[in-house]
Structure formats: structure tokens, C-alpha cells
Trainee: 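Supplied in C-alpha cells, the structure appears directly below.
None of the values given here were measured: they were computed from a predicted structure. In what follows, every chain begins at residue 1, and chains take the letters A, B, ... in the order their sequences are listed.
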There are 2 protein chains.
Amino acid sequence: MTDSGRQIACPACPLRKRAIFIEAVGAELDFVSSFKMGELHARPGGAIYLEGATSPHLFTVLSGWAFRYKSLPDGRRQILNYVLPGDFIGLQATLAQALEHGIEALTDVRLCVFSRDRLDELFRNHPPLARNLTWLAAREERLLDDQLLAVGRRHARERVAFLLWHLWRRARESGVLEGGALTLPMTQQHLADTLGMSLVTFNKTLQRLRTTGVFTLADRRLEIHDEGAMATLAAADARPPERRPLI
Amino acid sequence: MTDSGRQIACPACPLRKRAIFIEAVGAELDFVSSFKMGELHARPGGAIYLEGATSPHLFTVLSGWAFRYKSLPDGRRQILNYVLPGDFIGLQATLAQALEHGIEALTDVRLCVFSRDRLDELFRNHPPLARNLTWLAAREERLLDDQLLAVGRRHARERVAFLLWHLWRRARESGVLEGGALTLPMTQQHLADTLGMSLVTFNKTLQRLRTTGVFTLADRRLEIHDEGAMATLAAADARPPERRPLI
DNA sequence: CGCGTGCTTGAAGCGGGTCAACAACAGTGG
DNA sequence: CCACTGTTGTTGACCCGCTTCAAGCACGCG
């Protein structure tokens, strides 16, 4: 993880142009600009947060993919969620306490760095931003609810379909779909660890799903041809994406 | 779900006396008092939130147990978390959107009712309370992280031990331990649905765990004799409970 | 007394886990 | 230039843990 040279000023942030993000008003944008301490660059495989460590920083992802995980003493790992551009991370930890999860970069990741110390100021002087933070926390919670339902109660087929469908939708929302296709930055081991299954089972389930023709996935290039059919395979129901705040 | 007669004024709330809750200062306590619209009573098995419905209300649990769940179209159910006295619920839903999870009472539950409409006012005029809300959302998220790790990556033995240990600790924090024992308000079916396993497996795993003597569970009365050993069985590590805000 | 609910236990089957081997490929160093 | 190595994806064989099916028991209640 190294400091990056070029900095993007918040009002000029390319993310803000995306339709999914609710536009911010001037005063708040000014505060966010001043709230931003700098940028950080993480390389693939690098730790953004270390499990069990403490960090005085909060981040917004500018570009790239990462994942949030927890692990057991013997090495078993559960991936909790993926982190995409526009996502705000670090809120889960309370001030003095150690992080209970780690975050690791999957690609090159550029992050806006904020100081935890100035959260008070944010809450005091910028209620709308405070509300946005809470909204984002609630959103994260909804994602976890879904994920928990998948891991706990969906069959292997449904789980795999669900994850691909989920990633597809999130990638589209975050604007990282390239020409109607998604290049997945993670290995099948990551995906298996997300779904609480073994690598082998993931692969074999994927093979069987490929025969449905509902999607194609080759060389990590995912294309979903029939989103409705995919949702059916996943035993999931689609709600339209909500516009969300960007900190 | 019916209206209850007697009302407790927030400054006199018996929950506030508990050491686990951070004491509130006057101005905020006054606002919470005015924020509180009334009380609600739910009977065992009654719905506090209906999956897929909308509700203009937020709640703090005054007494009793409930659980948060999601289900699949064919009836498979995943219990996401349990709700105990002092817990704040309803934040997960955004303003206009339908609730994506349900909450059902396990015992008689008394709830403080708040209006979602006045959240804006809370954020605008009471930054410390806003911060508390965010803190509580982050806490809920940490609980879900743990739960997801358990369901996804723990073995059946560890899962069952983990859940009992988890409930024990939360019950103690919320002050619902009676004479060093916890009377569980849920059936084994609930517990199995929490852990993403079948009722039969839960029961058989429980039988095997009973022989360790680390805890006793009979007639729904749980007693953990050696908390450290229990944590080992659960492949969990204990952090001391944190004091938390009460809305 | 009869019924419903929850707990317990046995038997049988299968879904997913583990072990193992190999192919494809990229990176490295001789 | 080409072995050598490590990573990722793929597939087969085998087995165990968990699920499903089934039945019996205890208890509370109308």
C-alpha cells in the first residue's frame, strides 16, 4: 500500500457523474473535500485493513475491487462481501477497537483516505452526510442479510447463480461493466470462500450451470444473457437498484 | 400486536440503569423522550415487521425476545439475528422501500415506537444521537459478519457451540440472565434455522456436545459452566463486551 | 382423553467435502 | 530458448456429514 501521486478533487470526482450516485450539494461537497486526507494505492493481494489490527482511517473506493473477509484460527476463510468503486469502508470498526475483519485488494485499488478523528465534526456540522453514512451502513447490512440467506439456505446451484448475478448487478451499478461483460478479478477459490463451499464443488456446480446457457463465463469474463432466468436459477428476486450517496 | 397501556418515560427507563448502556445526557434524553411515540406490545409468534411490507416505525426493544429473518419463496427460512432488550430495529429499511426481512416475537415483547419521519430532525439537531445510530448499525453489521463466518465456515459442532455461547453472552449483556441461567425462548427449529442446518442435525449435534459437560441445556434452560471451553468448542475468541448507546 | 407441538433417535441416501491428478498458462532463471 | 515452478482451472474417485424420512415419547391443553 503506497501513497499515490495524483489526487482527484471531490467535486471533480469521476464517480459523481454516475447516475447511481445521489448528487451532493455544495457545502457537503466542500466538507468531503476537506475531509479527504489523500489517496492510497493498494496492489493486488495487498491488505487495505488487516484482520485484528486498528486503523485510524476510513476509505472510499475510487477504482478497483477488494473483498472483506473474516477467518478462523486454522485458516478457514469466509469472504463477507466485495468492495467496488463508490463503496465506503471502515465504518464497522468502533473508534478504539481492533478491526474484526480484513480487507484485501483484488486489483489495483485507489482509495480516498479519511480520518476517523474528524467523524465527530461530520456528525456535528453536516447532518445530511451523517445520514448518508447511516444509510450506507444500512445498505451494507442488507447485503449481508442476503448473503447470509444464500450461504445458510440456498442449494449449491442457487448459491453460485446468486453470486454471479449479484456481482453482475453490483458491477453494473458501479459502472465497471465493459461492453456488456464483466471481467471478474477473483479466483474460483475466492468465490467458493464467499459461498461457504469448497473450491471443487464450486467448479463442478459452475460446470453444470454453464449448460443452461443463461450466462457465459470463460477466462473470467462473465456475461449474463438472461437476467430474469439467472434470478430464477438463484432463487432470488430483483429489486431495482437504488440511488445511493457517495461520501 | 396491540397498543400497551402503561408507558415508561425515557429518563426512568429501567434499561438505562444497566451498566452496558452508555448514559445519555439531558438534552438528548429529552429528545428521545419526545421522539418516542408510544409503546407496542407483541405476542409470541406475532409479527413486528412483515417481510416485504413497509413500516413507518422504528423500535427499541424494552423487554422480550424476537428474531430477524429472511426467507425464500419455497419457505426455507434463515434467521439472521436475535433481538434483545436495548436493541434498536428498523434502520435497515430505507425510507420508501419495503422491508426485506421480517421480525417476529418469540416472547411477549414490549417496544418503544419511534417515527421514521422524525429521523431528519434527529440528525439535524442531535449529532450525538445520530452517531449512536450509526454505531448501532455498525454493531449489527459486526454481528452479521460473525454469523456469516459461522454459517459459512464452521463445522456443525462449532456452529451449535457458537450459537449457544453467543446467545449466552448477549443475554448477559442485556441483563436477561436469571440466576446464572438463561431460559431460551426459541425452539430447536429456530436455532437450526439460525445456523443453516436441519433440525435433526442440530439436535444430534447438541446431544454430542452435551457429553462434554461444558454446558447444560435442559428444558430450554441453558447454563454455561466454562465459558473459555465453550469458546474453544465454538472456535471463537471472546472480546469483552462494549458499552453501547441506547436510543 | 385426544390432539398438537416440540424433542429425540434410528435408518437410508445424497450432496458436498477431501484427495488426487492433470492441463493450461505465466513468470523466472539458467 | 527452454526447463522449472507456481497458480488456476478442471475432472474423477471415494467418503463422510448432513439431510430427509420416519417413528416414538413427553408434555400441555381444550
Trainee: Specify the separation, in whole Å, of atom CZ of B/Phe202 and atom C1' of C/dT8.
Mentor: 13 Å
Trainee: Starting from P on D/dG17, measure out to CG on B/Leu206 and report it in whole angstrom.
Mentor: 18 Å
Trainee: Distance from A/Arg159 atom CZ to A/Phe202 atom CZ, nearest 0.5 Å?
Mentor: 11.5 Å
Trainee: From C-beta outward on B/Gln188, which listed nucleotide comes closest to its side chain: D/dG9, C/dG17, C/dT8?
Mentor: C/dT8
Trainee: Just N and O in the side chain of B/Arg210: are any of them under 4.0 Å from OP1 or OP2 of C/dT8?
Mentor: yes
Trainee: Of the listed nucleotides (C/dT8, C/dG10, C/dC7), which one gets closest to any side-chain atom of B/Gln207?
Mentor: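 Looking only at heavy atoms from C-beta outward on B/Gln207, the closest nucleotide is C/dT8.
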Trainee: I need the CE-P distance between B/Met197 and D/dG17, as an integer number of Å.
Mentor: 13 Å
Trainee: Could you check A/Arg153 against A/Met186 and say which one's nearest nucleotide on DNA chain D is further toward the 5' end?
Mentor: A/Met186
Trainee: Any side-chain N or O of B/Asn203 below 4.0 angstrom from OP1/OP2 of C/dT8?
Mentor: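 Yes, within the criterion.
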Trainee: How would you label the contact of A/Thr187 with the nucleic acid (heavy atoms, under 4.0 Å): base, sugar-phosphate, or nothing?
Mentor: sugar-phosphate
Trainee: For A/Asp219 and D/dT8, give me the distance from atom CG to atom P, rounded to whole Å.
Mentor: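 A/Asp219 atom CG is separated from D/dT8 atom P by 15 Å.
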Trainee: Send over the distance from B/Asp74 CG to D/dT19 P, rounded to a whole Å.
Mentor: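 Taking CG of B/Asp74 and P of D/dT19, I get 15 Å after rounding.
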Trainee: Under the 3.5 angstrom rule, does the side chain of A/Ser55 hit a backbone N or O of A/His57 as a donor-acceptor pair?
Mentor: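 Side chain of A/Ser55 to backbone of A/His57, a donor-acceptor pair under 3.5 Å: yes, one is there.
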Trainee: Within a radius of less than 6.0 Å around CG of A/Asp74, do more than 12 heavy atoms belonging to other residues, nucleotides or ligands occur?
Mentor: yes
Trainee: Whole angstroms only, please: what is the CZ-P distance between A/Arg154 and C/dG16?
Mentor: 14 Å
Trainee: Where do A/Phe21 and A/Leu15 come nearest, in terms of heavy atoms and distance?
Mentor: CD1-O, 3.2 Å
Trainee: Counting only side-chain heavy atoms from C-beta out, which of C/dA20, D/dT19, C/dA11 sits nearest to B/Lys204?
Mentor: C/dA11
Trainee: Checking the side chain of A/Glu100 only, and the main-chain atoms of A/Gly52 only, is there a donor and an acceptor separated by less than 3.5 Å?
Mentor: no
Trainee: When the distance from CD of A/Gln189 to P of D/dG9 is rounded to whole Å, what number comes out?
Mentor: 9 Å
Trainee: Contact class for B/Arg157 vs. all strands (heavy atom < 4.0 Å): base, sugar-phosphate, or nothing?
Mentor: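 Since no nucleic acid heavy atom lies under 4.0 Å of B/Arg157, the category is nothing.
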Trainee: Within the structure, does a side-chain N or O atom of A/Arg220 lie under 4.0 Å from either OP1 or OP2 of D/dT8?
Mentor: no
Trainee: Could you state the CG-P distance from B/Leu195 to D/dG17, rounded to the nearest angstrom?
Mentor: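 Going from CG in B/Leu195 over to P in D/dG17 covers 18 Å.
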Trainee: Nearest nucleotide by nearest heavy atom, which residue falls closer to the 5' end of DNA chain C, A/His155 or B/Val200?
Mentor: B/Val200
Trainee: Is the phosphate of C/dT18, meaning OP1 or OP2, less than 4.0 Å from a side-chain N or O of A/Ser198?
Mentor: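 Indeed not, no polar side-chain atom of A/Ser198 lies that close.
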